[in-house]
There are 2 protein chains.
Amino acid sequence: MALGLTLKALADPTRRDIIKLLKEKDMTAGEIADCFTISKPSISHHLNILKQAGLIIDERQGQNIYYSLNTSVMEELIRWLMNVTRKEGGSADERNPD
Amino acid sequence: MALGLTLKALADPTRRDIIKLLKEKDMTAGEIADCFTISKPSISHHLNILKQAGLIIDERQGQNIYYSLNTSVMEELIRWLMNVTRKEGGSADERNPD
DNA sequence: TGGATATTTAGATAGTTATCTAACTATCTA
DNA sequence: TAGATAGTTAGATAACTATCTAAATATCCA
């Protein structure tokens with residue numbers, strides 16, 4: 001999964017707020033939209049970007065589409081950050097995973 | 001330090017490449033620019049964004065300006081990500097640091 | 001002081017993105 | 001099947017961003 005997509009997705013404050021909501025519980029697109037003042041289509045746009053980045057998963061249940069967090073992509077980002085942050089001295093395997 | 005600035009700064013591939021270079025060793029603006037095909041002013045622009053985000057530190061030494069990594073901001077981002085990633089069950093202190 | 005080197009700042013431009021309204025698609029239910 | 005509800009897609013626009021060239025600033029050295 002491309003790191004750039006993940007970071008771009010997380011760079012927007014509305015999308016980070018959506019992620020914070022989904023950390024608490026899965027929600028439908030409409031429930032998510034109700035938490036914001038911007039329009040439903042704008043929220044749909046943000047959900048799509050989060051989905052493309054692999055940060056969330058969607059699943060239709062009847063009329064509703066439920067969104068939930070997919071933390072594995074964030075874990076990947078954490079690994080990248082830890083690698084950049086880490087001081088010298090690791091094994092060859094630990095270096096340059098990117 | 002604002003999470004948004006950090007994430008926006010990291011969302012650009014050129015800036016991530018600069019960070020990877022600086023992980024290896026401190027470099028001058030010119031040395032950094034020599035590693036890319038884009039113009040020096042563009043690199044200067046990227047360095048400024050990284051600096052504003054607190055991801056790098058600059059220090060003039062004579063004619064040169066040396067840039068170095070500041071990992072503390074990245075550690076802050078790691079903490080945010082780990083919090084979002086973490087499943088329920090932590091102490092009240094661990095929840096919602098944002 | 002004047003020229004050379006290193007870097008940034010200014011101003012312009014092309015491409016990207018967040019937002020909106022209007023229209024469309026999908027699903028349920030009576 | 002028709003109407004209602006949930007959500008997305010289309011198209012337009014304003015704001016933002018990455019890039020460039022040209023000009024300005026800062027420092028060193030002869």
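A quick note: this is a predicted structure, and the numbers were derived from the prediction, not measured. Both backbone and side-chain heavy atoms feed into the values below; hydrogens, waters and symmetry mates do not. Numbers restart at 1 for each chain; the letters A, B, ... are given by sequence-line order, proteins then strands.
Where Asp58(A) and Gln63(A) meet DNA chain D, the nucleotide closest to each residue was compared, and Gln63(A) sits on the side nearer the 5' end.
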Solution key, residues 32-49 of chain A side-chain donor-acceptor pairs under 3.5 Å, sequence neighbours excluded:
residue, atom, partner, partner atom, Å
Ser39(A), OG, Ser42(A), N, 3.3
Ser39(A), OG, Ser42(A), OG, 3.1
His46(A), ND1, Arg15(A), NH1, 3.1
Asn48(A), ND2, Gln52(A), OE1, 3.4

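Residues Ile19(A) and Ile57(A) do not share a hydrophobic cluster, clusters being chains of Ile/Leu/Val/Met/Phe/Trp/Tyr side chains in contact below 4.5 Å. Ile56(A) and Tyr66(A) fall into different hydrophobic clusters, where Ile, Leu, Val, Met, Phe, Trp and Tyr are joined by side-chain heavy atoms under 4.5 Å apart, directly or via other members. Ile78(A) and Met74(B) fall within a single hydrophobic cluster, where Ile, Leu, Val, Met, Phe, Trp and Tyr side chains are chained together by heavy-atom contacts under 4.5 Å.
In this model, the phosphate group of dA18(D) is approached by a side-chain N or O of Arg15(B) to a distance below 4.0 Å at OP1 or OP2. Side-chain nitrogen and oxygen atoms of Tyr66(B) include none within less than 4.0 Å of the OP1 or OP2 phosphate oxygen of dT7(C). Between Lys8(B) and the phosphate of dC16(D), there is no side-chain N or O to OP1/OP2 separation shorter than 4.0 Å.
A straight line from CZ of Arg16(A) to C1' of dA18(C) spans 15 Å, rounded to a whole angstrom. Atom-to-atom, CE of Met27(B) to C1' of dA6(C) comes out at 15 Å; the value is rounded to the nearest Å. Nucleotide dT8(C) holds its P atom 11 Å from the CG atom of Asn64(B), rounded to whole Å. Here the C1' atom of nucleotide dG7(D) and the OH atom of Tyr67(A) are 8 Å apart, to the nearest Å. In this entry the distance linking CG of Asp12(B) with C1' of dT17(C) reads 15 Å, nearest Å. We find that CD of Gln52(A) is positioned 15 Å from C1' of dA18(C), with the value rounded to whole Å. The CD-C1' distance, from Gln61(B) to dC28(D), rounds to 14 Å in whole Å.
Here the closest non-hydrogen pair linking Gln63(B) and Arg60(B) is O-NH1, 3.5 Å. In terms of heavy-atom proximity, Leu50(A) sits nearest to Ala9(A) at CD2-CB, 4.1 Å.
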Would you write out the dot-bracket form of DNA chain C, 5' to 3', with Watson-Crick and G-U pairs under 3.5 Å, [ ] for crossing pairs, | for pairs to other strands and . for unpaired bases? ||||||||||||||||||||||||||||||
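Taken residue by residue, residues 31-50 of chain B places heavy atoms nearer than 4.0 Å to DNA chain C at Lys40(B), Pro41(B), Ser44(B).
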Evaluate the side chain to side chain contact (heavy atoms under 4.5 Å, CB included) criterion for residues Glu76(B) and Thr6(B): first the C-alpha distance (whole Å), next the side-chain angles of each, then the deciding distance (0.1 Å), finally the verdict. CA-CA 10 Å; Glu76(B) 211 170 305; Thr6(B) 309; over 6 Å; no
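Arg86(B) CZ to Asn83(B) CG: the interatomic distance, rounded to the nearest 0.5 Å, is 5.0 Å. Taking CG of Leu55(B) as the start and CG of Asn70(B) as the end, the distance is 7.5 Å to the nearest 0.5 Å.
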